[in-house]
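Have a look at the structure below, then the notes.
In what follows, chains are A, B, ... by sequence order, proteins preceding strands, each numbered from 1.
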6 protein chains.
Amino acid sequence: MAKPFKRILLTGAAGGLGKVLRDRIKPWADVIRLSDLADLGATREGEEIVQCDLADKAGVLALMEGVDAVLHFGGISVEAPFDAILQANIVGTANLYEAVHKMGVRRVAFASSNHAIGYYKTTDMIDADAPVRPDTMYGVSKCFGESLSRYYYDRFGIETVCIRIGSSFLEPTSARMLVTYLSYDDLLEALRCSLMTARVGHTILFGVSDNPAKWWDNRKAGHLGFVAKDSSSRFADKFPPGASYPAQDDIGATFQGGPFLLSGPQYRQEQT
Amino acid sequence: MAKPFKRILLTGAAGGLGKVLRDRIKPWADVIRLSDLADLGATREGEEIVQCDLADKAGVLALMEGVDAVLHFGGISVEAPFDAILQANIVGTANLYEAVHKMGVRRVAFASSNHAIGYYKTTDMIDADAPVRPDTMYGVSKCFGESLSRYYYDRFGIETVCIRIGSSFLEPTSARMLVTYLSYDDLLEALRCSLMTARVGHTILFGVSDNPAKWWDNRKAGHLGFVAKDSSSRFADKFPPGASYPAQDDIGATFQGGPFLLSGPQYRQEQT
Amino acid sequence: MAKPFKRILLTGAAGGLGKVLRDRIKPWADVIRLSDLADLGATREGEEIVQCDLADKAGVLALMEGVDAVLHFGGISVEAPFDAILQANIVGTANLYEAVHKMGVRRVAFASSNHAIGYYKTTDMIDADAPVRPDTMYGVSKCFGESLSRYYYDRFGIETVCIRIGSSFLEPTSARMLVTYLSYDDLLEALRCSLMTARVGHTILFGVSDNPAKWWDNRKAGHLGFVAKDSSSRFADKFPPGASYPAQDDIGATFQGGPFLLSGPQYRQEQT
Amino acid sequence: MAKPFKRILLTGAAGGLGKVLRDRIKPWADVIRLSDLADLGATREGEEIVQCDLADKAGVLALMEGVDAVLHFGGISVEAPFDAILQANIVGTANLYEAVHKMGVRRVAFASSNHAIGYYKTTDMIDADAPVRPDTMYGVSKCFGESLSRYYYDRFGIETVCIRIGSSFLEPTSARMLVTYLSYDDLLEALRCSLMTARVGHTILFGVSDNPAKWWDNRKAGHLGFVAKDSSSRFADKFPPGASYPAQDDIGATFQGGPFLLSGPQYRQEQT
Amino acid sequence: MAKPFKRILLTGAAGGLGKVLRDRIKPWADVIRLSDLADLGATREGEEIVQCDLADKAGVLALMEGVDAVLHFGGISVEAPFDAILQANIVGTANLYEAVHKMGVRRVAFASSNHAIGYYKTTDMIDADAPVRPDTMYGVSKCFGESLSRYYYDRFGIETVCIRIGSSFLEPTSARMLVTYLSYDDLLEALRCSLMTARVGHTILFGVSDNPAKWWDNRKAGHLGFVAKDSSSRFADKFPPGASYPAQDDIGATFQGGPFLLSGPQYRQEQT
Amino acid sequence: MAKPFKRILLTGAAGGLGKVLRDRIKPWADVIRLSDLADLGATREGEEIVQCDLADKAGVLALMEGVDAVLHFGGISVEAPFDAILQANIVGTANLYEAVHKMGVRRVAFASSNHAIGYYKTTDMIDADAPVRPDTMYGVSKCFGESLSRYYYDRFGIETVCIRIGSSFLEPTSARMLVTYLSYDDLLEALRCSLMTARVGHTILFGVSDNPAKWWDNRKAGHLGFVAKDSSSRFADKFPPGASYPAQDDIGATFQGGPFLLSGPQYRQEQT
């Protein structure tokens with residue numbers, strides 16, 4: 001059977017999730033073009049490898065040649081000094097969309113992050129229309145990507161699904177991740193729905209598995225048909241409730257972003 | 001065990017869904033009164049057949065004699081010239097409710113349609129309180145039935161469930177119907193809940209199975225206890241995503257009503 | 001200075017509000033075409049008079065020739081037997097929009113009514129998105145006009161402002177009208193905004209003056225720039241609070257539609 | 001494995017649900033302190049029994065000594081003369097929270113009731129933010145407990161989950177309870193989530209199993225991770241739909257509180 | 001001209017606002033019955049004075065004899081030990097409504113308080129449906145009065161306007177009161193509207209003048225026709241912005257309740 | 001009388017609005033520090049002039065020394081190539097907030113723009129919580145400033161009012177500006193409220209005068225006490241409604257951003 005796409009571009013292919021996706025998305029396109037700053041190893045069947053700095057506008061334009069759809073996982077995925085985030089996540093994403101537009105690509109799945117809304121409380125339930133509350137400069141850069149892609153949709157009709165990925169790891173590594181866990185299979189399904197749905201407009205999707213505790217209401221992305229199959233419940237025993245509650249001023253426990261919102265060396269150093 | 005009702009009236013019994021329901025609703029009443037303009041064949045056990053034009057006020061009044069509850073599937077179920085829709089769907093439904101009121105019937109399940117809200121986008125999620133956006137004159141006539149039945153509830157206490165039926169066929173015949181599919185079993189269950197729930201007031205229920213992709217939020221009809229058992233997911237392979245996205249100006253892909261909203265010979269002819 | 005329009009059609013020109021508007025809208029168009037079933041007297045300067053039954057499709061089509069914009073005040077404006085309402089308000093309005101579409105008219109101000117939402121309580125505050133709750137068959141016919149015009153906007157781009165007129169009389173004649181009063185000047189201003197605003201889409205505007213007590217929130221029509229100048233407050237002394245409250249089961253006092261919702265000879269006669 | 005808590009206080013331990021919980025909550029704490037006005041029988045292993053009138057402020061203070069978390073099921077659980085409700089539910093709950101605060105307890109699960117919102121209609125869907133509509137003086141006292149605990153959270157950081165318990169019995173005993181049924185296992189799970197979730201703030205949780213018909217939307221308590229496992233559907237056959245609908249003025253069928261809202265001897269006697 | 005009422009009862013007539021109202025409400029009734037625990041001085045024309053403890057059920061019943069409508073300003077209006085608030089505000093208000101019901105009084109204006117929602121932030125905008133967030137035990141008692149009166153409305157049809165009074169003094173005495181100020185004239189108008197509107201159901205009205213800064217949205221009380229005439233703007237110069245902002249942890253500046261939420265001797269003493 | 005602030009920094013002081021504000025804000029601070037890339041002329045009394053490129057991090061840090069509050073009007077205020085916008089508006093604003101944080105400044109009024117939400121329709125009414133829909137890369141950069149300042153508030157407590165300025169010119173120069181007009185006096189008042197209100201948190205304020213037609217609902221900024229005094233109504237005669245409506249596909253008339261959303265040489269050139 002013919003594959004749905006001729007060529008899909010995966011940016012950030014050498015990153016943690018890039019590696020997870022590299023083989024799994026093969027059934028979706030004749031060719032997967034993999035891109036990263038870091039080394040991607042040998043080219044395997046059905047792959048093209050293009051090393052590229054997303055901050056290099058001409059390079060990104062070349063990268064987009066012949067591409068049907070983009071999985072944009074490139075950039076920095078942790079808190080970092082703003083200059084680094086600026087180049088990788090802001091300039092990089094701006095370059096990507098300009099290339100998408102110039103090359104006539106019509107669909108992007110953008111790896112946004114729960115850190116775009118990490119300052120909501122752990123007792124809040126929000127949906128896709130809740131105003132952003134980034135919890136780091138990294139989170140601010142994800143908000144930039146979301147508003148930029150909104151602009152490209154309204155102005156040029158380029159469709160994007162912004163997936164605010166929770167915690168996509170092999171398994172949860174903290175009690176917080178029992179809420180935010182996104183299994184690799186569910187991530188893959190979210191991406192499949194993002195690319196394969198005939199019309200997505202500009203959609204915000206919270207990327208989480210069907211975990212028992214929920215902070216995010218995905219109804220407004222119902223048209224995607226994304227139905228998570230996994231749940232963090234099978235890992236619940238790893239994080240039994242302890243003998244005591246977190247302190248009232250424990251901001252890592254108070255906000256959805258968790259301890260991550262306290263990361264970022266630049267400010268803590270500067271404040272001393 | 002006694003059946004819940006003595007006599008249920010099914011209008012439109014010779015139509016597509018009427019035929020599906022004819023035998024399946026037998027357990028609900030001692031007598032099913034079947035009505036249609038078209039021929040209904042031989043009377044079977046537990047049935048009464050009354051040929052009747054819904055536009056005939058006296059006929060409809062007679063039709064309602066001794067009826068406990070009504071399943072109103074009569075009228076035209078596709079786009080048609082307004083004169084036809086006027087008689088079958090507008091005058092017909094007005095006659096029906098006048099008869100319901102005069103004869104003291106207390107409950108109606110009204111076959112409304114997703115075409116009452118077909119001009120919402122395929123990326124929208126709406127619920128029962130979203131303002132109507134009919135996509136055809138047929139859809140406008142369904143809006144008429146919905147507001148008429150609201151009036152009869154507020155004024156006379158006659159309770160109606162308006163079921164905005166998605167696509168109720170043996171199986172989906174297009175990719176769009178993966179979203180709008182309502183299996184026959186789920187249709188039956190929706191009707192059962194509509195008739196058997198002690199108090200329904202005036203309820204808008206979206207008639208869809210538990211399909212992966214969703215445009216309609218049924219929470220406001222939660223009191224009905226309708227839980228769809230089927231899903232279009234088993235038909236997904238029949239409509240694999242193609243090699244290309246619909247054009248930006250493809251209005252059949254853009255709106256929930258789908259290609260149906262381009263039907264209707266009267267205007268297209270007239271516009272030339 | 002050139003007038004904004006060449007020709008405006010005013011239907012229902014012999015009715016109560018039609019007479020009020022006849023002279024006042026003259027500054028808006030070179031020609032005012034007046035239409036009614038009833039006699040309109042002699043033609044004055046800047047007028048054309050066309051006697052026409054809105055239920056006559058061909059007549060309505062001819063009526064629309066050369067028209068830039070329509071003020072649709074025609075039809076029955078009180079509760080009446082359904083057959084009469086059907087012809088005047090349902091068939092009539094359907095004919096009108098079909099003619100509007102065929103003749104390429106782009107803007108309609110439609111005299112809808114508070115009776116489209118008359119079954120909200122007198123302690124409710126609603127806005128344009130509240131589901132309709134008609135209080136009479138007359139009200140149901142206004143809901144028909146609203147959903148029909150929504151269809152013509154979504155399908156053909158014909159823009160309509162549906163003005164849900166409260167009580168537009170020389171002055172309030174009951175305590176209820178202190179809430180629903182729409183002065184003639186404010187009616188005129190609402191119509192002016194409806195016709196003169198560059199883009200109105202399909203707007204629901206509650207037609208009320210700036211009365212102290214309010215049931216209707218007009219924010220969603222803010223783009224019209226309608227600012228009521230009059231208030232019922234100067235008539236408050238005419239309806240001093242009496243010595244007693246209405247009974248708990250006084251439905252005329254309970255619902256926004258007021259005693260009107262008990263009108264309608266057909267049902268009361270039929271019920272006996 | 002160490003138990004999560006050292007000492008949990010269960011008030012109302014001799015009541016219907018208190019008895020259900022007494023043994024089942026043992027795994028959660030080294031010691032369960034049981035309290036009631038009524039006799040609690042012999043002390044079993046892992047228990048402490050303290051007879052106490054919640055209206056006795058000093059007694060309640062002593063009761064709280066060494067307690068980690070509270071399950072507050074004490075007080076009157078039916079409609080009763082106000083003087084009785086005042087002492088048991090209002091003074092009692094005020095004493096309890098004052099003691100909680102003085103003793104530094106940080107978490108309470110409060111047995112509130114659906115009768116805090118019993119005057120919503122049986123066709124309404126509400127969530128945790130719907131304004132209260134108590135259906136009895138008992139319901140009013142539950143509203144008091146909810147606003148009191150909100151105060152203690154905002155002012156002192158004491159976290160409470162108010163569980164608006166539906167109908168928690170061995171099985172449903174009326175058709176209404178098919179909607180409001182909360183199995184004992186699901187009650188236990190709701191309490192477990194209320195105590196074990198790291199941060200709950202002040203949460204309103206509707207205590208119902210996963211019944212087909214729903215009046216209450218629990219999304220705003222999603223952070224608790226409460227997932228009901230049982231359903232009233234297996235009891236549906238016990239309450240087949242009868243041959244007739246409830247009368248339009250049957251207020252027991254009209255409001256969510258059901259026949260309970262007509263209880264309360266004090267007023268009916270006084271009205272005669 | 002006949003006065004609208006025969007007899008209005010004003011409880012708390014010796015209190016700060018009671019004194020303000022005593023003479024001003026004379027035009028509304030043939031007789032004003034004044035009640036308080038404290039001395040009310042000599043009886044003036046058109047007055048009846050009844051000394052009464054609201055915690056005395058029989059006394060309150062007698063107080064209600066022959067009364068048409070009640071302005072309930074009695075009770076404690078500052079933070080106080082719970083026992084005092086319990087008697088004056090909880091038992092007192094329960095007695096009042098029981099008497100209202102038994103004596104067939106149909107309308108109450110209840111002096112609730114902004115302290116029922118004082119834990120909203122000074123940057124929040126709330127309306128009548130926002131869940132309560134009392135800031136003191138006094139505030140909790142006002143929430144009790146609001147839910148109690150809701151019950152009496154739903155159950156017995158007794159109508160109440162709960163006026164959440166901001167700061168009703170001769171003039172603002174702090175910068176906060178520039179937001180919460182309610183002039184005496186506007187208080188009077190709010191009460192007039194509460195008593196004179198034909199149908200009020202159960203209404204929450206925020207009692208504030210038309211001050212420039214706003215925390216409270218009164219749209220849902222629009223049916224009352226309350227239009228504030230005064231504004232705190234003429235006092236703005238008394239509270240010029242100082243040279244510095246309040247500290248981030250200044251909870252008196254953070255919450256709408258202001259410094260009042262730190263009042264209450266019982267807890268602060270007990271905490272030491 | 002002492003001025004409220006010691007030193008206010010005005011960035012972009014040589015720009016159109018900077019020049020308007022330069023003298024008018026003098027009463028608010030002992031010293032106004034003016035900054036721009038462009039020449040600011042001679043220093044006047046009560047002023048300090050510091051030429052500074054906002055993209056120069058060290059320069060911005062120095063600029064913030066001794067500052068109490070910031071009016072951030074610097075950057076590019078029209079559509080421009082992304083590289084220019086990146087430096088001026090993104091890097092510049094990031095530098096500004098980093099300096100604000102390091103220097104302990106506690107309040108910023110940020111000149112955001114209606115172009116952050118310019119892709120809403122001219123028939124929409126939105127409020128501060130509506131998701132952003134930027135209409136240009138310039139608009140995207142304003143969204144960046146809004147989410148960045150949200151982060152600085154949530155993380156560090158730095159308060160910002162983001163004023164989405166409509167069209168602040170001496171007078172409207174198009175029919176669209178009758179809706180978006182912000183008089184200079186009203187701009188000044190908006191800034192005064194932004195700086196002088198004791199607590200603003202992170203507020204989105206739409207900067208418009210009290211014009212008749214409205215697209216933006218400012219209720220959620222009610223705590224600021226901003227009350228516009230001017231109106232575009234006195235300029236209405238300059239833009240009389242023409243003889244024809246804009247075409248259905250006239251996107252400048254369709255979206256709130258107006259013709260501006262078609263500006264931006266980079267894309268149009270590139271698309272050819």
Side-chain angles (χ1 to χ4, degrees), chain A residues 114 117 119-130 166 172 174-181 206 208-220 222 228 231-259 261, chain D residues 1-8 27-30 68-70 100-101 104-109 127-129 150 152-162 186 189-205 210 217-229:
Chain A
N114 72 85
I117 46 81
Y119 259 112
Y120 281 93
K121 293 194 176 164
T122 53
T123 50
D124 285 339
M125 169 64 65
I126 62 170
D127 72 12
D129 286 346
S174 71
R176 174 182 174 269
M177 289 194 195
L178 294 177
V179 188
T180 59
Y181 175 63
F206 293 95
V208 271
S209 289
D210 185 23
N211 307 324
K214 295 182 197 312
W215 295 334
W216 307 321
D217 176 344
N218 256 333
R219 266 178 316 140
K220 283 174 183 152
S231 167
S232 66
S233 57
R234 64 196 160 113
F235 304 107
D237 288 346
K238 292 199 168 185
F239 307 98
S244 64
Y245 295 112
Q248 287 185 31
D249 60 357
D250 178 340
I251 76 167
T254 301
F255 297 103
Q256 295 188 355
L261 61 80
Chain D
M1 197 175 82
K3 294 182 175 178
F5 294 97
K6 288 189 189 148
R7 184 176 283 104
I8 288 175
W28 299 348
D30 299 334
D68 292 324
V70 179
V100 156
H101 172 47
V105 180
R106 293 190 49 203
R107 180 71 55 88
V108 180
D127 72 11
D129 286 346
R150 177 82 223 183
Y152 272 86
Y153 173 62
D154 284 333
R155 182 73 175 86
F156 302 113
I158 294 160
E159 297 186 300
T160 295
V161 177
C162 299
D186 284 341
E189 174 65 3
L191 292 172
R192 194 189 66 76
C193 294
S194 299
L195 292 191
M196 308 293 177
T197 300
R199 192 59 69 87
V200 300
H202 184 264
T203 298
I204 304 286
L205 176 73
D210 185 24
D217 176 346
N218 257 333
R219 265 178 317 139
K220 282 173 183 155
H223 52 278
L224 293 183
F226 169 63
V227 181
K229 296 285 189 305

D:Ala198 versus A:Pro246, closest heavy-atom pair with distance: O-CD, 3.5 Å
Taking every non-hydrogen atom, the tightest pair across A:Pro241 and D:Pro4: O-CB, 4.2 Å
Residue part contacting chain D, namely of A:Asp250, when any heavy atom lies under 4.5 Å: both
OH-CE distance between A:Tyr245 and D:Met196, expressed to the nearest 0.5 angstrom: 7.5 Å
Pick from D:Ala221, D:Gly157, D:Ala69 with the largest number of heavy-atom pairs that fall under 4.5 Å of chain A: D:Gly157
CD-CZ distance between A:Gln248 and D:Phe156, expressed to the nearest 0.5 angstrom: 11.0 Å
Nearest heavy-atom neighbours spanning A:Met125 and D:Lys220: CB-CA, 4.4 Å
D:Val227: which of A:Ser233, A:Ser231, A:Pro212 passes side chain to side chain contact (heavy atoms under 4.5 Å, CB included): A:Pro212
For D:Asp30, salt bridge (Lys or Arg N to Asp or Glu O under 4.0 Å) partners two or more places apart: none
Engaged part of A:Ala247 at the chain D interface, taking heavy atoms whose separation is under 4.5 Å: backbone
N/O donor-acceptor pair under 3.5 Å between D:Arg199 side chain and A:Phe255 backbone: no
Heavy-atom pair with the smallest gap, counting every atom of A:Thr123 and D:Gly201: CG2-N, 3.8 Å
